[in-house]
2 protein chains.
Amino acid sequence: MAQDAPIDRAPTGQEIADWVRQRIRTGRFVPGQRLVEVDIIRQTGASRSKVREALKRLEGEGLVEIEEFRGASVRSSTLDEVRQIYRARMALEGMAAHDFTVNADAATLERLKALQAQLDTCVHERAPDRFGRLNNEWHRLIVEGSGNKVIADHLQRLNVPIHRLLFESFYDEERLKTANADHQAMLTLILAGDAEGAERAMRQHIGDGFDTLARIEDEFYS
Amino acid sequence: MAQDAPIDRAPTGQEIADWVRQRIRTGRFVPGQRLVEVDIIRQTGASRSKVREALKRLEGEGLVEIEEFRGASVRSSTLDEVRQIYRARMALEGMAAHDFTVNADAATLERLKALQAQLDTCVHERAPDRFGRLNNEWHRLIVEGSGNKVIADHLQRLNVPIHRLLFESFYDEERLKTANADHQAMLTLILAGDAEGAERAMRQHIGDGFDTLARIEDEFYS
DNA sequence: ATGGACGAAATTGTCAACAATATCGTTGTC
DNA sequence: GACAACGATATTGTTGACAATTTCGTCCAT
């Protein structure tokens, strides 16, 4: 599933960008780490122009930082910047939840119900890692099902730098339970057609997610 | 103020991207128009690598479309895509209005009041063009003053493809009046510290903006 | 040992030439 | 006149070599 190996044919700039993004998400490229062109060339088999193109693209997305004659490095986010990202997520994903309630078709609703059942299982089995993955799918399903590609695109960009953090919280079992309860409540609101309720719930849910995260970070740094 | 002439020293990729963006905003590059590398080189004095870098960057922002061996052209938005953009704006700028109410300092509030006074004058003098410019400043002040740079950044990207549309509506005098009334009402809510009220008002205001636009487009195309 | 000066190596930035492809006008045929 | 085949031109894609700058190790004086 997750393509992580070098690519056989000559990769396009977009593919290299994807490759780097993935490695940032999975934590193989950590914040501050320098991204040396030759290394990427060796690992992907791409030409230098393509690598440089990809790095420029990633700079545009705010994922890497490029200094003149020093090259690219993975940008690190302060806690305050993470807070700002979460605030943007609250706005956009809240809107997505609203529009999902209005627009989602029957098949998508079924998929959401099925996903919810799987998430419930994870809670019972105390499987935070699997919960994290399914949780991501759950959120993505809402966003894609809202029918707003612009919002989906911006949310995807917002999520990359915090991707790893999205899993952190679920090792706290209390948080895992409340998060799942949030999802169940949202599902009920969605099925009832209460778009504004779903939006409020989504915003609250994401806001709580950040609060948990901030608490963890505080403990970590104190 | 608006720098439109070629640049003297060798421009950076970012500067060329800005240059192209500006020309798209001001309508000198219209949707569908092809952006030939040599032309941009001639007009900016930049090297080809830089121009190509800039175009790739703009592609990443969704502003231009690049086809293999056919080059870059200005992307055109369908009415539905504009609707999606407005929906994203409602979410993000609504959140910005909320946070502005909580975070804005006294100096910024004064600037907002001054701007509002200028806008009132424009309504009296029936100056839709000036109103459009000041209106943009008004919205930007709210966003910048909210203290959330992430949201500010995403909003700026959202606005570029619809920049010209933002002026269209104000040639309808009715719209100009209601828009200004909206601003006044929002200012009152902000000064009263009613963050949630300000957010609701902002969302309503932007939603109405799109409705007006959609009506104009409908008339235009029928 | 510490710190500075120097130079080699590593890394990024720039440019120009060439290859691949698309575009457009011309010609010839029906 | 319509249309296909063809070639000339224009345009974009790719590569490699070279320049500019930083980085890092070495040597030397204190």
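For the numbers below, each heavy atom of this structure counts, side chains included, while hydrogens, waters and symmetry mates do not. In what follows, chains carry the letters A, B, and so on, assigned in the order in which the sequence lines appear, proteins first and then strands, with residues in each chain numbered from 1.
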Next on the checklist: If you only use heavy atoms from C-beta on, which nucleotide in D/dT22, C/dT23, C/dT11 is closest to the side chain of B/R34?
Outcome noted: C/dT23
Checklist entry - Cationic tip of B/R89 within the cone over B/Y86's six-membered ring, i.e. under 6.0 Å and within 45° of the normal? => result yes
Checklist outcome for this item: Atom CD1 of B/I41 and atom P of D/dT11 are separated, to the nearest Å, by 11 Å
Checklist outcome for this item: note: B/Q14, atom CD; C/dG13, atom C1'; distance rounded to Å ~ 17 Å
Next on the checklist: What contact category does B/S49 fall into here, base, sugar-phosphate, or nothing, at under 4.0 angstrom with non-hydrogen atoms?
Outcome noted: base
Next on the checklist: Atom CZ of residue position B/R164 - does it have more than 12 heavy atoms of other residues, nucleotides or ligands inside 6.0 Å?
Outcome noted: no
Item to check | Backbone N/O of B/R34 and side chain of B/R70: donor-acceptor pair under 3.5 Å | outcome: no
Next on the checklist: If I take atom CD in residue A/E67 and atom C1' in nucleotide D/dA20, what distance separates them, rounded to the nearest angstrom?
Outcome noted: 16 Å
Item to check | Distance in angstrom units between B/R52 CZ and C/dT14 C1', rounded | outcome: 14 Å
Checklist entry - For the base of C/dG13, is there a side-chain donor-acceptor partner from A/R70 under 3.5 Å away? => result no
Next on the checklist: Nearest whole Å is fine: how far is D/dT22 P from A/I66 CD1?
Outcome noted: 16 Å
Checklist entry - If only atom types and distance count, is the side chain of B/E199 paired as donor or acceptor with the main-chain N or O of B/H98 below 3.5 Å? => result no
Checklist entry - Knowing that exactly one of A/E61, A/H163, A/Q156 qualifies, which makes a side-chain hydrogen bond (donor to acceptor under 3.5 Å, both in side chains) with A/R21? => result A/E61
Next on the checklist: Taking the nucleotide of DNA chain D with the nearest heavy atom to each, does A/E53 or A/F69 sit closer to the 5' end?
Outcome noted: A/E53
Checklist entry - B/R48 has an atom CZ; how far is it from atom C1' of D/dG13, in whole Å? => result 7 Å
Checklist entry - With respect to the side chain of B/V36, which nucleotide from D/dT15, D/dA20, D/dT11 is positioned closest? => result D/dT11
Next on the checklist: Nearest to the B/E37 side chain among D/dT22, C/dT12, D/dT12, which nucleotide is it?
Outcome noted: D/dT12
Next on the checklist: Under 4.0 Å, counting only non-hydrogen atoms across every strand here, what does B/L35 touch: a base, just sugar-phosphate, or nothing?
Outcome noted: sugar-phosphate
Next on the checklist: Output the rounded distance in Å from NZ (B/K50) to P (C/dG13).
Outcome noted: 8 Å
